[in-house]
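Structure record follows, encoded as structure tokens.
Only a predicted model underlies this, so the values are computations on that prediction, with no experimental measurement involved.
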Amino acid sequence: MRIRIYPENPNAKALEQVASVLAGGGVIIYPTDGVYAFGCSVKSARGVERMCALRGKSQRSLTLVCDSISTASEYARIDNSQFRILKRNTPACFTFILAALSRIPDKAIGRRRTVGIRIPDNGVTQAIIAASGAPLLSMSVREAEGEYMTDPELIDEKYGGRVDAVVDGGYGMLLPTTIVDMTGPEPEILRQAGAELE
């Protein structure tokens, strides 16, 4: 099912539909400020199982997509210096690698004790998180390494049968996130892409 949600004025009924899918253990595809992504509720064990099956063994751990630093701090350890960096650089097209807290499902991060945190600058993403009342576990929709799909209609044609809903928020971007490892003494940029660290 394809559900159209506009970033400027998200439709409450459509958001309820998406929230219901997520609460029921569903997996969605949704827009971010970077590329389109698969997502499930961090609170849904069934959703996490399904995301891990979609991810496959070769994929890295899932990213946690939050609506704020405050929400992120419930799932990742954020010290004062890390908070200041996040405050200056979010919401934006970044993934910050932080130490995971025990609230993150083990299946989502595997053997690693770190988690990628995203706080996207996208009205649809923010509205979905607010409506569902929980962050999303997520991974990018990829054609191949470095190749991303941007047209929600084509995404629906290709992946609609593997997920419960495709959220159509218009054409997506082609740039993935800039990845910043915050687990060392200084932030380390692992991938420079859609955003510049301040």
Side-chain angles (χ1 to χ4, degrees), residues 18-30 32-35 37-122 125-141 163-164 176-191 195 197:
V18 175
S20 176
V21 166
L22 292 167
V27 173
I28 64 170
I29 293 176
Y30 68 101
T32 72
D33 54 354
V35 299
F38 293 97
C40 71
S41 172
V42 69
K43 292 184 174 179
S44 168
R46 182 169 171 263
V48 174
E49 289 271 356
R50 291 184 59 202
M51 279 289 290
C52 289
L54 274 171
R55 180 189 65 185
K57 290 184 179 176
S58 64
Q59 295 282 342
R60 298 186 186 123
S61 57
L62 302 173
T63 299
L64 188 72
V65 180
C66 302
D67 59 351
S68 66
I69 300 171
S70 173
T71 302
S73 69
E74 296 174 29
Y75 297 88
R77 190 171 292 111
I78 301 172
D79 66 24
N80 289 338
S81 64
Q82 292 166 337
F83 176 85
R84 287 192 291 274
I85 291 167
L86 289 170
K87 183 88 173 149
R88 282 197 308 270
N89 292 282
T90 61
C93 197
F94 282 103
T95 299
F96 293 99
I97 309 297
L98 293 157
L101 296 177
S102 59
R103 292 187 72 179
I104 301 276
D106 284 341
K107 283 192 181 300
I109 57 174
R111 294 190 186 121
R112 296 164 64 175
R113 297 318 310 161
T114 58
V115 63
I117 296 287
R118 286 266 286 121
I119 305 173
D121 185 15
N122 181 283
T125 309
Q126 295 281 345
I128 289 170
I129 294 168
S132 64
L136 301 173
L137 283 168
S138 191
M139 65 179 178
S140 301
V141 175
V163 298
D164 300 284
T177 61
T178 293
I179 301 174
V180 185
D181 186 346
M182 304 275 278
T183 59
E186 294 292 329
E188 180 187 355
I189 294 173
L190 303 182
R191 178 178 72 193
L197 192 67

For the student: nearest non-hydrogen atoms of [X] and [Y], plus distance:
X	Y	value
Phe94	Thr177	C-CB, 3.8 Å
Ser41	Ala134	OG-CB, 3.8 Å
Gly184	Asp181	N-OD1, 4.3 Å
Cys93	Pro176	SG-O, 3.7 Å
Cys52	Leu62	SG-CD1, 4.4 Å
Ala19	Ala131	CB-O, 3.7 Å

Measure the [atom1]-[atom2] distance between [X] and [Y] for me, rounded to the nearest 0.5 Å.
X	Y	atom1	atom2	value
Ile97	Met182	CD1	CE	10.5 Å
Cys66	Ile117	SG	CD1	4.5 Å
Phe38	Ser140	CZ	OG	9.5 Å
Ile179	Arg118	CD1	CZ	10.0 Å
Ile119	Ile69	CD1	CD1	5.0 Å
Ser81	Glu186	OG	CD	8.0 Å

Side chains of [X] and [Y]: does their closest heavy-atom pair fall under 4.5 Å?
X	Y	answer
Phe96	Thr90	yes
Pro135	Tyr75	yes
Met139	Leu54	yes
Val48	Leu137	yes
Val65	Ile129	yes
Val180	Thr95	no
Leu197	Pro187	yes
Gln82	Leu98	yes

Checklist entry - Does the side chain of Thr71 come under 3.5 Å of the side chain of Ser68 through a donor N or O and an acceptor N or O? => result yes
If only atom types and distance count, is the side chain of [X] paired as donor or acceptor with the main-chain N or O of [Y] below 3.5 Å?
X	Y	value
Ser73	Ser70	yes
Asp33	Asp121	yes
Arg77	Leu101	no
Arg113	Ala99	no

Checklist entry - How far apart are the C-alpha atoms of Leu64 and Leu136, what are their side-chain angles, what is the distance that settles it, and do they pass the side chain to side chain contact (heavy atoms under 4.5 Å, CB included) test? => result CA-CA 6 Å; Leu64 188 72; Leu136 301 173; over 6 Å; no
Next on the checklist: If you apply the rule side chain to side chain contact (heavy atoms under 4.5 Å, CB included), what do you find for Val115 with Thr63, and how did you get there?
Outcome noted: CA-CA 6 Å; Val115 63; Thr63 299; over 6 Å; no
Checklist entry - Can Arg50 and Asp164 be counted as an ion pair, charged N to O under 4.0 angstrom? => result yes
